[in-house]
Novice: 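Sharing a structure here in structure tokens format.
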Amino acid sequence: MKEYYNHHEVEPKWQKIWDDEKAFATSTDYSKPKYYALVEFPYPSGQGLHVGHPRPYTALDIVARKRRMQGYNVLYPMGWDAFGLPTENYAIKNHIHPKIVTKNNVERFKNQLHSLGYSFDWDREINTTDPGYYHWTQWIFLKLFNAGLAYKTEMPINWCTSCKVGLANEEVVNGVCERCGSEVVRKVKSQWMLKITEYAEKLIEGLDSVDYVERIATQQRNWIGKSTGAEVQFALTGKEDKLTVYTTRCDTLFGATYMVMSPEHPYIDKYKDSISNWDEVCAYREEASKKSDFERAELAKDKTGVELKGLTATNPVTGKEIPIWISDYVLMSYGTGAIMAVPAHDERDWDFAKKFNLPIIEVVAGSDVPVTEKVYTDVATGTLVNSGFLNGLSVADAKAKMIEYLESNKIGCAKTNYKLRDWVFSRQRYWGEPIPIIHCDKCGYVPLKEEELPLMLPEVESYMPTDNGESPLAAMTEWVNVKCPKCGGDAKRETDTMPQWAGSSWYFLRYTDPKNDKELASKEALKYWLPVDWYNGGMEHTTLHLLYSRFWHRFLYDQGVVPTKEPYAKRTSHGMILGENGEKMSKSRGNVVNPDDIVRDYGADTLRTYEMFIGAFDQAAAWSEDGVKGCRRFLERVWKLQEILTDGDKYSDDLEAKMHQTIKKVSSDFESLKYNTAIAAMMALINDFYKKGSVNRAEFGTLLRLLTPVAPHITEELWEANGYEGRLYNAAWPEYSDEKCVESTVTIAVQVNGKLRATIQAPKDGEKDAIIAQAKEAAAEKITGNIIKEIYVPGKIVNIVCK
RNA sequence: GCUGGUGUGGCGGAAUAGGUAGACGCAAGGGACUUAAAAUCCCUCGGGGGCAACUCCGUGCCGGUUCAAGUCCGGCCACCAGCACCA
């Protein structure tokens, strides 16, 4: 018998053996069935691994190890999303090249991950900062550029006053920079943009063909924000131009009593001569332009605005002349930058009309309260009134009829809109992929030739962005000044770099063929491995990273580069691990747990088991060191089963059903995010072994095979020490049969009038009448009066209803 | 405000499809072993009442459907996360 379980010896021993035997190398034999399990690759921060990291990594390690035992060729890779601001900021502060900082951090992360016994195929490790990798990130950018999906535009962008970079709208949280928390202001800059909006529809449609956790799919849909409505043209009194608006409620057109334009609307300048209160208008615009989108939103409670005196429009269905206002609650970035206001049936318009005393006309009847007192927005029950040819129709019918009318009279059309905005793709930073574009005064933006890639990130003296918002690369004149590839004249390189999202938008493709220097990955490899079978990541990435990578993938599909429309067949997400006090772990709260300490004191297997047992996988869970101890105790009890191990090459009769039930439960729980109940089932199983006082070799072998994905080191050691054949990582996953899951006798609950009164033991396929008779006898004292009903649910419950 | 999620013992959490609420673990209490402690093993462990067999109450709150509701329906409340005037 083996000595007391010592993880200090057992864990490094097996990690070395797995390395030496290349136990988890992915096969390139493409005739085998494949399984591609993916976790989000980490940003190698200076803090090292956090206890949050092992949660998803262990979960999919379990899936990967199980699938290997089931005969799949598994790809479970790991890499580094290593470009990014914290590294650059650290480099600036400490005068160390970000390349060195990255190298050190990666080394540390890798050692930490290795100590946890993950079955990653390290031969396929990738790093986004490696020129052999960003070669292809740049290549994809050129593809996007050549397809017209990358463009440069002067636009007000979100400018972080501290990071000195432009941010995508998606990166701004509550008006402050998502990364550093500093104030974000508006600044006009020439920016590279990617036309993700052109893919809005495809990105919505694609969600129907994949298996995403429902709330993830919902968030993606809401973020894209599709709405269907109509564009309607309003004639401007005495002008040639029409003012076009977008509306989702064209049924209420008869109730449009005024219009509102965004303060940035181009018609305001165009018709300035007609506007009699120009000074007032200018003052309002000035004030609005100072506000960021966020301030505009914050000040929203109280509506502000100015009427454009001298400029009016005509309601195309009533023929009435209506005033035009400007207000900052109308955004230039959505729809057409102008709206028709129907105060009776839109909350914001109602507030605005009340404040400025504008007419409110009811066109949908159905409210108990007059619309002058309360806005009525219900679309399900109302009926159209005061609306000419729409009178008497439901809202839905009225919409259809109105669109017909608009189109036949050429004053409008059906129209779909999306909330999604284009992706701001430039960063005024050093530590990112250089954008492979040259600007020539004569030829415009000229892309580099594919053969010139990768465009290497040059060495610079200082990584500090310049105060005027230029990237540090702008100071490198010998790098910046080049000849135009088209005309040979003087030209300049683009000095902005790509955002961190770029490298992570396609990394899962590179894992399939990571060393290929001719293509991003071979067609063969892509065809075999795609799509990713299961991708797990944090909830915080369900809108940004997930949407961006789906966009790039779909674009590459359209270009014939990848074989599938969608990159990920299945997407799940894990909950956060909180401190012992239930708060988010942070240095300032002093509740950070270092995984290295847990590995040292309790072992990697204990950490892995605990993180899976801690609670429902998709929910946040608070750390508990006592809980860690409980898991260590469980593994020790598994170890000590050796003391009661007996011979036997098949399950003993009294445990056979339990064995089959456990295999079934563990097998399905591992695939459905229920790691906690899978472990509970194994705990219950060993409790049965101890209760019985013995476990035979067949039973013990099955337990080891079920447990090894969770706790691979201890189980591998027990497998070897007790003379089981071969390596456990190569063993076959245990089989079960549904038939054998059922015990020969079952316990049936007996209820009288719905209350539990007794339980009886009965054969599993007993006759209904016999069981009911047995139940009546068991609960005889509780049955009073006449029996009016007897319910029997086979194998579960008998309910006697009496009165 | 809108959207999504959650609400079950002292704690983390179980409970396919409505069918014995509290699996599994932690903590706590009692006992065994020990000179003692740790470790380990055994017992108890939702609340009230009873000497006891037993009994009543109990899954955020109010109501409903059902032989039967943590689970379904209607109406609330609380907390967490995301979004922010999207026409």
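Here is the naming used below: chain letters follow the sequence lines, and residue numbers restart at 1 for every chain.
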Novice: Dot-bracket for RNA chain B, 5' to 3', with Watson-Crick and G-U pairs under 3.5 Å, [ ] for crossing pairs and | for other-strand pairs: what is it?
Specialist: (((((((..(((......[....))).(((((.......))))).((((....))))..(((((..]....))))))))))))....
Novice: In whole angstrom, give me the gap between the P atoms of B:rC61 and B:rU8.
Specialist: 10 Å
Novice: Does A:Tyr334 place a side-chain N or O at less than 4.0 Å from the phosphate oxygens OP1/OP2 of B:rA87?
Specialist: yes
Novice: Between B:rC86 and B:rG75, how many Å separate the two C1' atoms, rounded to a whole number?
Specialist: 31 Å
Novice: All N/O contacts under 3.5 Å from nucleotides 5-14 of chain B to the protein, with atom names and distances to one decimal?
Specialist:
unit_1: B:rG12; atom_1: O2'; unit_2: A:Ile614; atom_2: O; d: 2.7
unit_1: B:rA14; atom_1: OP1; unit_2: A:Asn676; atom_2: ND2; d: 3.3

Novice: Using a 4.0 Å heavy-atom cut-off, does A:Asn222 contact any base of the nucleic acid, only the sugar-phosphate backbone, or nothing at all?
Specialist: sugar-phosphate
Novice: When the C1' atoms of B:rU6 and B:rG60 are considered, how many whole Å apart are they?
Specialist: 11 Å
Novice: As a test of understanding, state which of A:Thr336, A:Leu406, A:Ile411, A:Asn417 forms a side chain to side chain contact (heavy atoms under 4.5 Å, CB included) with A:Glu231.
Specialist: A:Thr336
Novice: With a non-hydrogen cut-off below 4.0 angstrom, is A:Arg632 in contact with a base, only sugar-phosphate, or nothing?
Specialist: nothing
Novice: How would you label the glycosidic angle of B:rG9: syn (within 90° of 0) or anti?
Specialist: syn
Novice: Is the phosphate of B:rC86 approached by A:Arg421 (side-chain N or O, under 4.0 Å from OP1 or OP2)?
Specialist: no
Novice: With C1' as the reference atom in both, quote the distance from B:rA53 to B:rU59 in angstrom, rounded to an integer.
Specialist: 29 Å
Novice: NA contact type, A:Asp349, heavy-atom cut-off 4.0 Å: base, sugar-phosphate, or nothing?
Specialist: nothing
Novice: Would you mind classifying the nucleic acid contact of A:Gly225 as base, sugar-phosphate or nothing, using non-hydrogen atoms under 4.0 angstrom?
Specialist: nothing
Novice: Please evaluate the base of B:rC26 for a donor-acceptor partner in the side chain of A:Asp626 within a cut-off of under 3.5 Å?
Specialist: no
Novice: If you pin A:Val793 and A:Cys631 to their nearest nucleotides in RNA chain B, which one's is more 5'?
Specialist: A:Val793
Novice: Can you tell me how far C1' in B:rC76 sits from the matching atom in B:rG29, rounded to whole Å?
Specialist: 41 Å
Novice: Measuring only between side-chain heavy atoms, which start at C-beta, is A:Glu264 closer than 4.5 Å to A:Leu331?
Specialist: no
Novice: Taking any heavy-atom pair under 4.0 Å as a contact, classify A:Arg757: base, sugar-phosphate, or nothing.
Specialist: sugar-phosphate
Novice: How many angstroms lie between atom CZ of A:Arg55 and atom OH of A:Tyr675, to the nearest 0.5 angstrom?
Specialist: 10.5 Å
Novice: Looking for any heavy atom pair under 4.0 Å, which part of the strands does A:Lys629 touch: base, sugar-phosphate only, or nothing?
Specialist: nothing
Novice: Tell me what A:Thr336 touches on the nucleic acid: a base, only sugar-phosphate, or nothing, going by heavy atoms under 4.0 Å.
Specialist: nothing
Novice: Using side-chain heavy atoms (C-beta onward) and a distance below 4.5 Å, is A:Leu641 in contact with A:Leu703?
Specialist: yes
Novice: Regarding A:Thr248, tell me which of base, sugar-phosphate or nothing describes its non-hydrogen contacts under 4.0 Å with the strands shown.
Specialist: sugar-phosphate
Novice: When you compare B:rG63 with B:rU71, how far apart are their P atoms, in angstrom units rounded to a whole number?
Specialist: 15 Å
Novice: Which one, B:rC85, B:rU20, B:rC24, comes nearest to the side chain of A:Asn687?
Specialist: B:rC24
Novice: Do the ring centers of A:Phe352 and A:Tyr329 come within less than 6.0 Å of each other?
Specialist: yes
